[in-house]
Participant: 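Take this structure first; my questions come after.
On a predicted model such as this, the values are computed, not experimentally measured, just so you know.
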Amino acid sequence: FIYDVKYAGKSCEEKVTAIRAELKKKGIYALFLSSLDEIAWTLNLRGSDVHCNPVIVSYLLVTQDEVVYFISPEKITQQVNEYLQEQQVSLRKYDEAESFLNSFAGENILIDPKKTNYAIYSAINPACKIIRGESPVTLLKAIRNEQEIVGIHHAMQRDGVALVRFLKWLEQSVPSGKETELSVDRKLHEFRAAQPLYMGESFDTIAGYKEHGAIVHYSATEESDVTLQPKGFLLLDSGAQYLDGTTDITRTIALGELTEEEKTDYTLILKGHIALAMAKFPAGTRGAQLDVLARMPIWSHGMNFLHGTGHGVGHFLSVHEGPQSIRMNENPVVLQPGMVTSNEPGVYKAGSHGIRTENLTLVCKDGEGMFGEYLKFETITLCPICKKAFEGRVGVPKVYCDECTMLSDYAAMDTARSQAAWFFEDFGDEDEREDEKHESEQETDTAPLITITDESKLPKATRQSRESLLELISSRKRS
C-alpha cells in the first residue's frame with residue numbers, strides 16, 4: 001500500500017532526487033537495491049511480506065535516467081500501479097531482475113555486497129563496472145526529516161499510554177497467580193492494538209520471568225511458559241508498528257521481593273543507561289566512542305553484556321536498522337542529528353535473572369562549544385522506569401545526584417504516565433479517574449517518577465507534540 005507523505009515527510013520523487021544527487025557526487029550511474037527496508041523507504045510503499053516488518057519482497061534499480069521496480073504483479077493493486085506511474089517508476093516482474101541486469105547497458109552500477117545475493121551479482125552484465133559499497137539510501141533513511149520526528153513523538157505518546165495501562169493491569173493481576181509469560185504478552189498486545197494507527201508488533205515480544213530473563217532473545221512457548229509470582233524480575237522487551245513510527249522498549253519490572261544482588265544489578269544497569277542518555281558529545285562522534293558510558297558501572301563490578309548498547313530504528317519499517325550503532329565494535333558511521341538509536345544496557349546471569357532497560361533516543365543539536373558543534377540525546381520513549389528495584393531508593397549515595405536529577409527530569413521529556421493523565425483527563429471514565437486519584441494518594445511508593453510543574457522547561461518538539469495532541473482531543477470533543 002502507499003505510505004502517505006503526511007507520515008513519510010518526503011515524496012518518492014524527492015527521495016529519488018536525493019539518491020541521484022548522492023550517486024552523481026561519486027560518479028555513479030546506477031544503484032541496485034536488494035534491501036527491503038531501503039526499497040520501501042524510497043518508494044513510500046509498505047507491505048506485509050515479512051513478519052513484523054512492513055516491507056515487500058522486491059528489487060529496485062535507480063539510475064540517473066529511470067527507476068525500475070521488480071515485484072510480483074499480483075502484489076500491485078490498481079491504486080499502487082497508478083501511483084507508481086505518477087512517480088515515473090517502471091514495473092517489471094520479480095523474476096525478471098536477473099535477465100534485466102544481464103543486458104543492462106549502464107556504464108557502472110553500485111551494489112552493497114553485504115545485502116546483495118550472489119545470483120544478482122552474477123547476473124550483472126560483464127561490460128558494466130560493478131562498484132561495491134554502501135547504498136546512499138542507508139544514511140538518507142537514517143536521518144529523520146521534520147515530519148518523521150513529529151510522527152515518532154506522536155507514536156511514542158500512544159505507545160506510552162498503552163504501556164502505562166498495561167503496567168497498571170500487571171501490578172493488579174500478578175498476585176492472582178493466574179498470569180504467565182504468554183498471557184502478559186497477549187495482554188500487552190491488546191492494549192497496544194487499541195491505540196490509533198496501530199499496525200502490529202515490531203518484533204515478537206520477549207517476556208522473560210526470573211531465569212528466563214537471562215536468555216537475551218528468549219521466546220516463551222507453551223512448554224517453557226511459567227506463572228508469574230509476586231517476587232523477582234520480569235524482563236519485558238516489546239515494540240509496535242504505528243503508521244507514524246516504530247517503537248522498541250524494554251522494562252525490567254520488580255514483581256515483588258528482590259534479592260540484594262538483583263537490586264545491585266538493576267541499579268548498575270540504570271546508572272549506565274542514564275550515563276548514556278545524559279551524554280553530550282562533539283559532532284563527528286561515533287557510537288563506539290560512547291558505548292563505554294553505558295558499560296562502565298557494570299565493568300567496575302566485573303560484569304559485561306555481549307550485545308550492542310544501541311541500534312538504529314526505522315520509521316514504520318524495521319526495528320533494527322543501520323547504519324548507526326552504539327556498541328564495542330568499531331563502526332565508522334558518526335552519529336548525526338535526526339538519527340534514532342536505542343539505549344539498552346543489560347546484565348544476564350544464567351539460572352538467576354536478566355535485567356535490561358531500553359529507551360529510544362533521538363540525536364539532537366546541543367549548541368556550539370569548543371572546536372565546533374555539540375550533540376546530545378533526547379529520550380523519546382515515554383514509559384515510567386520501575387522504582388521498586390533501586391538499591392536503597394533514589395537519593396541514596398549509590399545513585400549519584402546527577403542521575404537522580406535525570407530521573408526527575410524524565411518528566412521534561414513527557415513521561416507516559418503524564419501523557420496517560422492527559423488522556424484520562426479528556427477521555428477516561430470518571431470512576432477510573434477517581435481510582436487513579438485514590439491510588440496516588442494512598443500508594444505514594446508507586447507515584448509517578450516526576451510531575452511537570454513548569455511546561456516552559458519542556459523541549460520544543462515535546463511541547464509541540466503535546467499541543468498537537470490536545471488540539472486533536474479538543475477537535476474530537478467539538479465533533
Side-chain angles (χ1 to χ4, degrees), residues 163 166-167 170-171 173-185 187-188 203-221 223-239 248-276 294-310 342-359 381 383-394 396 398-399 403 407 445-446:
L163 287 160
F166 166 80
L167 290 172
L170 182 70
E171 186 172 29
S173 302
V174 167
S176 72
K178 297 179 180 179
E179 302 304 331
T180 71
E181 293 169 330
L182 288 176
S183 72
V184 298
D185 181 357
K187 193 66 178 181
L188 178 55
F203 59 96
D204 291 327
T205 296
I206 299 169
Y209 178 54
K210 298 192 77 172
E211 65 268 23
H212 287 169
I215 304 172
V216 178
H217 291 118
Y218 173 71
S219 179
T221 65
E223 293 72 29
S224 69
D225 192 25
V226 295
T227 300
L228 307 185
Q229 301 175 34
K231 62 180 180 179
F233 280 128
L234 171 67
L235 188 154
L236 191 66
D237 189 348
S238 67
D248 181 6
I249 175 175
T250 306
R251 288 293 181 266
T252 304
I253 306 158
L255 299 183
E257 183 181 355
L258 300 174
T259 66
E260 289 304 309
E261 180 183 19
E262 288 172 325
K263 292 178 183 178
T264 297
D265 291 347
Y266 185 91
T267 304
L268 293 172
I269 292 303
L270 184 58
K271 284 165 63 68
H273 174 91
I274 292 173
L276 182 58
R295 295 179 190 268
M296 188 58 73
I298 58 171
W299 278 1
S300 65
H301 284 69
M303 296 184 287
N304 199 5
F305 57 95
L306 299 182
H307 59 71
T309 300
S342 64
N343 171 3
E344 50 181 308
V347 65
Y348 313 93
K349 295 186 173 179
S352 179
H353 61 275
I355 296 165
R356 183 163 64 251
T357 298
E358 176 187 16
N359 284 337
T381 298
C383 181
I385 291 173
C386 180
K387 298 193 299 179
K388 296 178 182 179
F390 292 151
E391 188 174 47
R393 286 304 299 261
V394 175
V396 301
K398 291 186 178 180
V399 179
E403 292 158 353
L407 282 175
D445 188 56
T446 57

Participant: With sequence neighbours excluded, what pairs up with Tyr209 under the ring pair (Phe, Tyr, Trp, His ring centres under 6.0 Å) test?
Facilitator: none
Participant: Rounded to the nearest 0.5 Å, how far does CG of Leu228 lie from CG of Leu255?
Facilitator: 6.0 Å
Participant: Could you tell me whether the side chains of Thr221 and Ser224 share a donor-acceptor contact shorter than 3.5 Å?
Facilitator: yes
Participant: side-chain contact (heavy atoms from CB on, under 4.5 Å) between Val174 and Leu170: does it pass, once the steps are laid out?
Facilitator: CA-CA 6 Å; Val174 167; Leu170 182 70; 3.7 Å; yes
Participant: Could you give the distance from CG (Leu276) to CD (Glu344), rounded to the nearest 0.5 Å?
Facilitator: 10.5 Å
Participant: Suppose the criterion is salt bridge (charged side-chain N to carboxylate O under 4.0 Å, His left out): which pairs have a residue in residues 229-238, not counting sequence neighbours?
Facilitator: Asp237-Arg356
Participant: Sequence neighbours excluded, which residues qualify as salt bridge (Lys or Arg N to Asp or Glu O under 4.0 Å) partners of Glu257?
Facilitator: none
Participant: Shortest non-hydrogen contact from Arg251 to Pro384?
Facilitator: NE-O, 3.0 Å
Participant: So, for Ala294 and Thr309, which heavy atoms are closest and what is the spacing to 0.1 Å?
Facilitator: CB-CG2, 3.7 Å
Participant: Tell me, please, which residues at least two apart from Glu261 pass side chain to side chain donor-acceptor pair (under 3.5 Å).
Facilitator: Lys349
Participant: Taking only residues two or more places apart in sequence or in another chain, which ones pass side chain to side chain contact (heavy atoms under 4.5 Å, CB included) with Thr227?
Facilitator: Thr180
Participant: Let me confirm one number: the OH-CG distance from Tyr218 to Leu235, rounded to the nearest 0.5 Å.
Facilitator: 11.5 Å
Participant: To the nearest 0.5 Å, what is the distance between SG on Cys383 and CG on Leu163?
Facilitator: 4.5 Å
Participant: As an exercise, state the distance from CG of Leu167 to SG of Cys386, rounded to the nearest 0.5 Å.
Facilitator: 8.5 Å
Participant: Quick one: sort the Phe233 and Tyr266 rings into parallel, tilted or perpendicular, breaks at 30° and 60°.
Facilitator: parallel
Participant: Taking the side chain as every heavy atom from C-beta outward, state whether Pro345 and Thr357 have any atom pair closer than 4.5 Å.
Facilitator: no
Participant: What's the spacing between Thr381 OG1 and Glu358 CD if we round to 0.5 Å?
Facilitator: 7.5 Å
Participant: Any heavy-atom pair between the side chains of Met303 and Asp265 that's under 4.5 Å?
Facilitator: yes
Participant: For the residue pair Gly346 and Ile298, what are the closest heavy atoms and their distance?
Facilitator: O-CD1, 3.9 Å
Participant: Looking at Asn359, is its backbone amide N or carbonyl O close enough to the side chain of Asn343 to form a donor-acceptor pair, meaning the two atoms are under 3.5 Å apart?
Facilitator: no
Participant: Could you report the tightest heavy-atom contact between Ala207 and Leu234, atom names first, then the distance?
Facilitator: C-CD1, 4.2 Å
Participant: How would you list, by chain and number, every residue that makes a ring pair (Phe, Tyr, Trp, His ring centres under 6.0 Å) with Phe305, sequence neighbours excluded?
Facilitator: His307
